[in-house]
Amino acid sequence: MPEKGLIDTITALWGGAIATLIAAAMGRLMYHTGEVRARRRAFFGRELLWEIPALVAMAFIGEALSSYLDLDGRAAMGLVAILSYLGPRGTTAMVERLWRGKGAG
């Protein structure tokens, strides 16, 4: 029997919705930290508040996409974190690039 990992433990303690929001928050925090390190924003600036709607939206999108792709809990959390890191603009750019790639072939 495999041992439970961090995602399984968080899901067991607080439920899937909180685990999804934590994954989304970590993705947006990684992006925000990159912006801070590049000196494009302050860490505790008003931009940090704008990350909240983005992380909630990306959590919904990631959970819906993982359900559509029939991913298990760990893969779903990874997808949510990746999409949250990319954010709405990054996700749109990625989808457009994938879409153009399929049409060009």
Side-chain angles (χ1 to χ4, degrees):
M1 180 173 179
E3 289 189 35
K4 289 189 174 193
L6 178 62
I7 293 171
D8 296 326
T9 303
I10 292 171
T11 302
L13 289 174
W14 292 311
I18 296 297
T20 301
L21 287 173
I22 289 171
M26 291 301 103
R28 289 315 296 165
L29 185 60
M30 287 188 299
Y31 174 79
H32 178 72
T33 303
E35 292 293 297
V36 170
R37 291 177 79 194
R39 299 180 189 263
R40 288 189 284 265
R41 56 170 74 168
F43 190 81
F44 291 110
R46 112 178 45 155
E47 297 89 357
L48 191 57
L49 291 176
W50 287 107
E51 297 298 337
I52 295 170
L55 81 86
V56 172
M58 297 315 291
F60 283 134
I61 292 167
E63 193 158 298
L65 185 57
S66 64
S67 175
Y68 177 77
L69 296 173
D70 198 28
L71 299 176
D72 71 348
R74 294 177 191 159
M77 292 304 109
L79 179 64
V80 167
I82 289 169
L83 291 176
S84 295
Y85 175 77
L86 292 173
R89 288 184 191 163
T91 303
T92 301
M94 181 182 70
V95 168
E96 286 176 354
R97 181 174 286 180
L98 290 172
W99 190 266
R100 274 190 252 133
K102 289 187 181 217

Applying the 4.5 Å side-chain criterion to the ILVMFWY set and letting contacts propagate, would [X] and [Y] be lumped into a single cluster?
X: M77; Y: F60; result: no
X: Y31; Y: W50; result: no
X: V36; Y: L49; result: no
X: L79; Y: I61; result: yes
X: L48; Y: M26; result: yes

Whether the side chain of H32 engages the backbone of E51 through a donor-acceptor N/O pair (distance < 3.5 Å, no angle test) should be reported.
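Absent.
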Using only atom types and a distance under 3.5 Å, with no angle test, would you say the side chain of R28 pairs donor to acceptor with the backbone of A54?
no
[X] versus [Y], closest heavy-atom pair with distance:
X: A24; Y: A59; answer: CB-CB, 3.8 Å
X: A75; Y: L71; answer: CB-CB, 4.0 Å
X: L83; Y: L65; answer: CD1-CD2, 4.1 Å
X: F43; Y: T33; answer: CE1-OG1, 4.2 Å

Could you grab the distance from atom CD1 of I82 to atom CE of M58, nearest 0.5 Å is fine?
11.0 Å
Calculate, to the nearest 0.5 Å, the distance between atoms CG and OH belonging to L55 and Y85 respectively.
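Going from CG on L55 over to OH on Y85, the span is 15.5 Å.
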Pairing residues for E63 by the salt bridge (Lys or Arg N to Asp or Glu O under 4.0 Å) criterion, not counting sequence neighbours:
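If we apply the salt bridge (Lys or Arg N to Asp or Glu O under 4.0 Å) test to E63, skipping adjacent residues, there are no hits.
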In this structure, which one of E35, R41, R40 forms a side-chain contact (heavy atoms from CB on, under 4.5 Å) with E47?
R41
